[in-house]
Amino acid sequence: MKALIVGLNYAPEPSGNAPYTTKLSQGLARRGVSVKVLTGYPHYPEWKIADGYTGLSMEESLGDVAVKRLRSTVPQRPNGLGRLIMELTFGLRTMLERWDRPDVVLVVSPALFSAAFAILRARLFRIPVGIWVQDLYSKGIEETGDAGSPLASVMKRLESAILNAADGVSVIHERFRAHVTNDLGVPAHRVRVIRNWTHVRHQHSFDRSKARERLGWAATDFVALHAGNMGVKQGLENLIDTARLAGRSGSDVRFVLLGNGNQRRILESKGAGIDRLQFLEPLPDRDYSEALRSADVLLVNERPGVREMSVPSKLTSYFVTGLPIIAATEAGSATAHELSAAGAGIRAESGSPGDLVAAIERLREDPDSAKDFGAAGRQYSDRVLTEEVAVDSYVEWLNDLASRQRSR
């Protein structure tokens, strides 16, 4: 089978969709699939094209996968219009690019609008096409903007039309499936749930004390770490306020924000002068793994109102650490549902620094419960969220899509 994967994000980007698209491409190649990837120039989460990537296109081979990069616009401020223009320019370039007659095309959303171009071309040339949905655009507008605005209504219709134009839709969670079928009108038999997996390997041994020392953490610090993108939907101002509140009470909890994103400078400015707050730059996989495993509790934070638009990818990496998780999220959110299903931690009220401080202190004072939560998360990861199961599921799904064309 020859598969073409079209997605704006790919390695070496360290977070977001890129690690999953990269690992899937390489996993398919190891299983005998001939894979070609059309992707953008690396820019996320800094929203700046990485050094060394020049020209209008580049070709390289990464892990036995042929990768062609197509340059698109990259907004300095990733607002709605800037992202739309970026997706449209990338989508137009992928539509005009040589495809080499694949048996099946897989497009990745985000970016939804660039995916629409690839779906259109695939339909014109009668190539089976599936779309892999990592985030829900219409839910994003509803939950971070005005649910009753004309834009939300327009986005819902557009998202419905694009998903329905594909031959198949893969979603990362049952909650996504419910929205895609019930609200966006995609027939249930065309929607498949294939879970994300951890893209960080944790098998290697390391000296935890030395790792903490390298990171600047004292032996007496109780480290509460948030890793990943620092964007709008994370609402990380809540963590800044939580660190400030904890500091006023004389707490020795150290709050660590690891990663990058378009809100990082704003957050650093808001957090200036808070002694127990630390920002860390993104780390390579091995160092990232050690940083997670050297913490005492791992944090997820979502801005108030966010319920269904995404399932934080960081959870897959958190679960395998064997550490407890605290999610500051809405009751009934997809994140709260996932944390409860895993039995891996506790929920704090979204946007409530006082509740988050109380949750952290609760786990610090009850190490047995913290240990049990960590063990449950690891077991859930081993049972539900393995890369092998996910990639095998994608091989089956893509073969199924390709066979439909062969049988026509």
Side-chain angles (χ1 to χ4, degrees), residues 13-16 42-51 74-83 86 140 143-146 212 214-218 221-283 287-288 291-292 294-306 309-310 312-314 326-330 335 348-360:
E13 292 180 355
S15 59
H43 64 274
Y44 185 84
E46 295 83 2
W47 294 97
K48 178 184 177 183
I49 293 178
D51 293 340
V74 175
Q76 291 183 345
R77 295 184 178 182
N79 54 25
L81 179 60
R83 292 189 187 200
M86 177 180 66
E143 295 178 356
T144 61
D146 183 355
R212 284 175 64 96
R214 286 196 304 270
L215 293 164
W217 305 344
D221 286 342
F222 188 86
V223 177
L225 183 147
H226 177 280
N229 185 41
M230 301 182 192
V232 173
K233 71 182 179 183
Q234 284 77 27
L236 294 174
E237 297 85 358
N238 184 56
L239 294 191
I240 303 300
D241 293 339
T242 302
R244 181 177 288 109
L245 178 63
R248 288 172 181 167
S249 67
S251 170
D252 60 1
V253 174
R254 175 182 286 272
F255 291 84
V256 179
L257 275 67
L258 166 61
N260 211 331
N262 59 53
Q263 297 296 300
R264 174 159 172 164
R265 290 185 180 180
I266 295 172
L267 294 168
E268 287 176 324
S269 177
K270 289 181 178 293
I274 302 177
D275 291 338
R276 308 296 297 170
L277 177 66
Q278 179 185 15
F279 287 83
L280 292 176
E281 294 294 328
L283 297 169
D287 294 339
Y288 177 75
L292 292 187
S294 297
D296 295 289
V297 63
L298 300 173
L299 303 178
V300 177
N301 195 87
E302 294 178 329
R303 62 180 287 178
V306 170
M309 65 181 286
S310 65
S313 59
K314 64 175 63 67
I326 298 174
T329 184
E330 297 275 356
T335 298
E349 286 297 330
S350 177
S352 173
D355 202 51
L356 184 52
V357 168
I360 294 170

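For the atom pair CG of L298 and NZ of K314, the computed distance is 10.5 Å after rounding to the nearest 0.5 Å. Considering OG1 of T242 and CG of L356, their distance stands at 4.0 Å, rounded to 0.5 Å. Rounded to the nearest 0.5 angstrom, I240 CD1 and L257 CG are separated by 5.5 Å.
You'll find the side chain of R303 stays beyond 4.5 Å of the side chain of S350, heavy atoms only. For the pair L258/H226, no side-chain contact is recorded, criterion being any heavy-atom separation below 4.5 Å from C-beta on. For the pair T329 and V300, the minimum side-chain heavy-atom distance is 4.5 Å or more. Between N262 and P45 the shortest side-chain heavy-atom distance does not fall below 4.5 Å. In this structure, the side chains of V223 and R212 come closer than 4.5 Å at one or more pairs of heavy atoms. Side chains of E13 and H43 form a contact here, defined as non-hydrogen atoms less than 4.5 Å apart. No side-chain heavy atom of D296 sits less than 4.5 Å from a side-chain heavy atom of W217.
In this structure, the ring-ring contact (aromatic ring centres under 6.0 Å, His included) partners of Y44, at least two apart in sequence or on a different chain, are W47. By the side chain to side chain donor-acceptor pair (under 3.5 Å) test, D287 pairs with no residue at all, sequence neighbours left out. Applying the salt bridge (Lys or Arg N to Asp or Glu O under 4.0 Å) test to R264 and every residue at least two apart in sequence or in another chain returns E268, E281. Taking the side-chain contact (heavy atoms from CB on, under 4.5 Å) definition, one finds that A246 meets it with S251, F255, V357, sequence neighbours left out. Every residue two or more places apart in sequence or in another chain that forms a salt bridge (Lys or Arg N to Asp or Glu O under 4.0 Å) with E349 is listed here: R347. For A50, the side-chain contact (heavy atoms from CB on, under 4.5 Å) partners two or more places apart in sequence, or in a different chain, are P42, Y53. Judged as a side chain to side chain donor-acceptor pair (under 3.5 Å), and not counting sequence neighbours, Q263 has no contacts. Take R214 and apply the side chain to side chain donor-acceptor pair (under 3.5 Å) test, not counting sequence neighbours, and it matches E290.
The two residues A224 and V253 come nearest to each other via the heavy atoms CB-CG1, 4.1 Å. Heavy atoms only, all atoms of each residue included: M86 and P75 are closest at SD-CD, 3.9 Å. In plain terms, the two heavy atoms of P282 and N260 that are nearest each other are CG-CB, 3.9 Å. Contact record, G351 with P304: CA-CG, 4.0 Å, taken as the closest heavy-atom pair. Minimum interatomic distance between A348 and I326 (heavy atoms only, all atoms of both residues): CB-CG2, 4.3 Å. The heavy-atom pair separating N238 from A328 by the smallest distance is ND2-CB, 4.1 Å.
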*asked:* Run the side-chain contact (heavy atoms from CB on, under 4.5 Å) test on E330 and E302 for me, step by step, so that the C-alpha distance in whole Å, both residues' side-chain angles and the decisive distance to 0.1 Å come before the verdict.
replied: CA-CA 8 Å; E330 297 275 356; E302 294 178 329; over 6 Å; no
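Of the possible polar contacts, none joining the Q234 side chain to the N301 backbone as a donor-acceptor pair under 3.5 Å is found. Although no hydrogens or angles enter the test, the distance criterion places no donor-acceptor pair under 3.5 Å between the side chain of S269 and the main chain of R265.
Among residues at least two apart or in separate chains, salt bridge (charged side-chain N to carboxylate O under 4.0 Å, His left out) pairs with a member in residues 269-280 are D221-R276.
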